[in-house]
Amino acid sequence: LKTFKVVSQLVDDVVVLSPEGYLNNIIGEELNRECRSTLRNGRKNIVLDFDRLEIINSIGISILLGILSDIKEVQGTICFSNMPKLIGDTFDMLGLKEHMCVFPSTEDAIEHIKAGQV
Amino acid sequence: MRNETRRLVYNIQALSDLSNEIASSKDFKQQIRSVLHVIMGTFLAHKGAIYLYENESAAGSLTPVAKQGFGRLPGKHRVRPDSALLALEGPLRLQDDGTQDDVHPIIGKFRDKGVDTVVPLRYRDKFNGLLTLSEKFTGEPYSVDDMELIKAVGNQIAITLHNHTLFMELSEKLEENRKLYEEMRVIYHETVQAFAAAIDAKDPYTRDHSHRVARYVVAIARELGWSENDVEGLYLAGLLHDVGKIVISDAILKKQRSLNKAEIMEIKRHPSLSYDILSKINFPWRDLVQTVKHHHERPDGKGYPDHMDDHNLSIGARILSLADAFDAMTTSRPYRKKMDLKAAIEELVRYNHLQFDPQIITAFCHALEKEIKGELPEPNIIPQLNVDFDPAVITTMLETIRLELAEPFELGGGMRTRTAAG
């Protein structure tokens with residue numbers, strides 16, 4: 001039986017969240033909770049590591065839009081890393097990719113945030 | 001794959017997500033929240049809400065049932081039956097110039113909160129809700145194709161809202177009926193109890209007899225694993241078993257000395273009289289009237305009025321018979337004093353297979369034992385007893401009786417024709 005979860009880790013001042021499996025309402029809500037909790041704790045820099053994400057549906061997209069809006073509202077920074085091609089193509093097709101900072105690796109995304117280049 | 005084709009595939013997948021959510025077994029709140037997410041994810045709206053329209057007596061109201069992204073959206077809003085909002089046929093892009101405010105005051109409030117488009121939700125051409133969406137996250141306007149699809153999706157949401165309204169209406173009706181039934185049931189029980197008290201009041205020595213018998217039968221029936229519905233029927237039989245005594249003259253019922261043969265014959269008419277009175281009533285429990293008629297029948301065939309025996313006597317009548325006799329033994333009469341609990345139980349055992357059924361004696365003993373040990377949340381026997389007893393002695397006695405009654409029985413002795421009480 002496949003289980004889905006969101007792994008969270010703190011690297012310096014950056015919170016790295018790694019959702020696994022299918023980003024639908026179950027994982028999406030958990031990811032949303034983690035992001036809100038991060039912002040409530042005063043941390044505004046988040047990397048969403050999609051290395052273990054396999055698929056995303058319309059509910060997952062909606063939840064991601066909510067997260068992007070929340071971060072924008074507090075003038076925080078959110079970067080994406082290890083984006084699978086299928087999911088990257090979906091974002092591209094929807095015209096979302098130009099509103100996202102996507103990096104090949106989590107280390108690159110963290111470096112980018114730390115350098116204040118975003 | 002071309003971008004248009006990929007977008008088409010994505011939209012079809014989103015429609016499939018929507019169908020899955022609508023058909024899911026989630027509760028309405030979760031379901032409508034997921035539906036809103038599907039729509040927002042499909043059209044890239046970063047804020048959205050769904051309102052339910054409920055048509056009450058004079059005016060209807062709009063109530064938010066799901067929202068995402070919007071901070072404080074207008075809450076419940078009254079809508080007049082002649083409001084132009086109810087006549088909206090398709091999606092409405094909100095204009096900044098306030099020219100749409102005459103549709104409904106809520107439109108202006110939506111615009112102030114960043115709503116870009118409102119979509120009327122209609123089921124069978126009847127307005128039943130509203131979908132509100134912010135502008136797209138990408139800043140692009142909604143295309144004509146988007147608007148067409150939003151309208152189609154709106155119809156799906158309208159079905160979900162309609163099902164919810166229908167379910168809530170049915171739930172309300174069900175709850176109303178349940179309350180009405182409960183009230184009628186209470187009135188019914190109180191009426192029967194009052195009637196039973198009136199019967200018992202004919203003779204000061206039998207005051208509350210029917211009430212106690214009713215509680216004893218409940219204890220035994222529950223011990224035998226009867227359903228609560230059947231227990232209730234037997235409880236009523238317990239309350240009403242002596243209703244026929246209302247016809248017997250007070251001179252006989254209250255006589256202080258022993259009765260002559262004719263008077264005994266008259267008293268023995270009461271089960272048949274109870275039957276005659278109660279058979280005019282259509283009780284929900286088919287066996288209730290027969291149970292009352294046979295509460296003086298015996299397994300050995302020496303009871304009355306129909307001289308039934310072990311082969312055709314109902315379990316209900318056997319329970320009622322024991323309860324009736326036990327109460328008679330443990331309460332005083334003008335011609336004798338009441339027995340103590342130990343003696344009464346011994347009497348039940350003495351007439352095992354003759355007047356009483358061993359299965360019923362066992363059940364009664366077990367129920368009493370459990371009550372003494374405090375194992376039953378609602379005791380029915382002990383609170384009725386007006387006799388002193390040593391719990392340890394009685395418990396040991398009851399355990400022994402239960403073991404003895406589990407062994408094979410042989411009829412014997414001349415005591416078979418004797419009667420314990422009742």
Side-chain angles (χ1 to χ4, degrees), chain A residues 4 6 19 21-33 35-36 39-40 46 48 50 53-76 78-80 83-102, chain B residues 1-22 24 26-27 29-50 66-71 114 133-143 146 149-150 153 156:
Chain A
F4 304 105
V6 178
Y22 185 10
L23 189 56
N24 54 8
N25 45 1
I26 302 165
I27 289 295
E29 293 288 0
E30 196 178 331
L31 185 64
N32 196 24
R33 270 195 300 276
C35 286
R36 281 169 184 251
L39 296 181
R40 264 200 314 276
I46 295 174
L48 293 187
F50 281 0
L53 195 64
E54 293 166 15
I55 190 168
I56 186 168
N57 72 355
S58 55
I59 297 178
I61 297 280
S62 168
I63 290 171
L64 272 187
L65 294 180
I67 292 170
L68 287 167
S69 296
D70 287 348
I71 303 262
K72 196 173 167 186
E73 206 172 297
V74 297
Q75 295 176 320
I78 185 164
C79 294
F80 296 81
M83 179 96 63
K85 185 176 182 310
L86 185 69
I87 295 172
D89 286 349
T90 303
F91 287 142
D92 203 19
M93 176 269 295
L94 292 170
L96 289 173
K97 222 169 180 178
E98 58 193 87
H99 299 271
M100 302 160 79
C101 297
V102 183
Chain B
M1 201 190 291
R2 289 176 56 206
N3 213 35
E4 289 80 14
T5 312
R6 293 210 322 248
R7 177 76 210 201
L8 189 64
V9 170
Y10 178 78
N11 284 349
I12 291 169
Q13 181 59 49
L15 281 175
S16 162
D17 293 341
L18 186 69
S19 305
N20 287 339
E21 293 303 327
I22 288 172
S24 73
K26 293 173 186 169
D27 68 40
K29 211 173 161 184
Q30 282 182 311
Q31 196 182 38
I32 204 73
R33 190 175 149 91
S34 295
V35 164
L36 180 60
H37 268 311
V38 171
I39 292 159
M40 291 169 66
T42 307
F43 300 105
L44 306 183
H46 55 108
K47 297 176 184 176
I50 295 173
K67 66 173 183 174
Q68 294 293 330
F70 288 116
L133 294 172
S134 68
E135 61 171 6
K136 285 191 177 194
F137 181 80
T138 55
E140 293 169 354
Y142 292 105
S143 66
D146 283 340
L149 195 55
I150 287 173
V153 164
Q156 299 294 312

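Note: hydrogens, waters and symmetry copies are ignored here, and every other heavy atom, side chains too, is used. Here is how names work: the chains are called A, B, and so on, in the same order as the sequence lines, proteins then strands, and each is numbered from 1.
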* Structure fact -> Filtered by a 4.5 Å non-hydrogen cutoff, the part of residues 84-91 of chain A contacting chain B is D89(A), T90(A)
* Asked: From M40(B) CE over to I61(A) CD1, what is the distance, rounded to the nearest 0.5 angstrom?
  -> 12.5 Å
* **Sorted by number, residues from residues 11-22 of chain B in contact with chain A (heavy atoms, under 4.5 Å)** => A14(B), D17(B), E21(B)
* Working for side-chain contact (heavy atoms from CB on, under 4.5 Å), residues H46(B) and E135(B) -> CA-CA 7 Å; H46(B) 55 108; E135(B) 61 171 6; 4.1 Å; yes
* To do: Give, for atom CD1 of I59(A) and atom CG of N25(A), the distance between the pair rounded to the nearest 0.5 Å.
  => 4.0 Å
* Asked: Between I39(B), L36(B), L44(B), which has the largest tally of heavy atom pairs under 4.5 Å with chain A?
  -> L44(B)
* Atom OH of Y142(B) and atom CG of L133(B): how far apart are they, to the nearest 0.5 Å? -> 4.5 Å
* To do: Could you check if a side-chain atom of Q30(B) sits within less than 4.5 angstrom of a side-chain atom of R33(B), using non-hydrogen atoms only?
  => no
* Asked: Checking heavy atoms, do the side chain of E98(A), its backbone, both or neither come under 4.5 Å from chain B?
  -> neither
* I63(A), part contacting chain B, at a heavy-atom distance under 4.5 Å -> both
* With only heavy atoms counted, which part of N57(A) is less than 4.5 Å from chain B, the side chain, the backbone, both or neither? -> both
* Taking side chain as C-beta onward, heavy atoms only, is L48(A) less than 4.5 Å from L64(A)? -> yes
* Asked: If every non-hydrogen atom of G21(A) is compared with every non-hydrogen atom of L53(A), which pair is closest and at what distance?
  -> O-CD1, 3.4 Å
* Check whether any side-chain N or O of S62(A) sits under 3.5 Å from a backbone N or O of S58(A) as a donor-acceptor pair, and report yes or no. => no
* Heavy-atom pair count under 4.5 Å with chain A, highest-scoring of G139(B), G48(B), G69(B), S34(B) -> S34(B)
* Under 4.5 Å, counting heavy-atom pairs only, tell me which of E140(B), H37(B), K136(B) racks up the most with chain A. => H37(B)
* To do: Identify the two heavy atoms, one from T42(B) and one from Y10(B), that lie closest to each other, and give their separation to 0.1 Å.
  => CA-CE2, 4.0 Å
* **Atom of A66(B), atom of I32(B) and distance for their closest heavy-atom approach** => CB-CG2, 3.7 Å
* Identify, with sequence neighbours excluded, every residue that meets side chain to side chain donor-acceptor pair (under 3.5 Å) alongside S24(B). => none
* Is any residue of residues 65-76 of chain A within less than 4.5 Å of chain B by heavy atoms, and which ones? -> L65(A), L68(A), S69(A)
* To do: Measure the spacing between CZ of F43(B) and CD1 of I150(B) and express it to the nearest 0.5 Å.
  => 4.5 Å
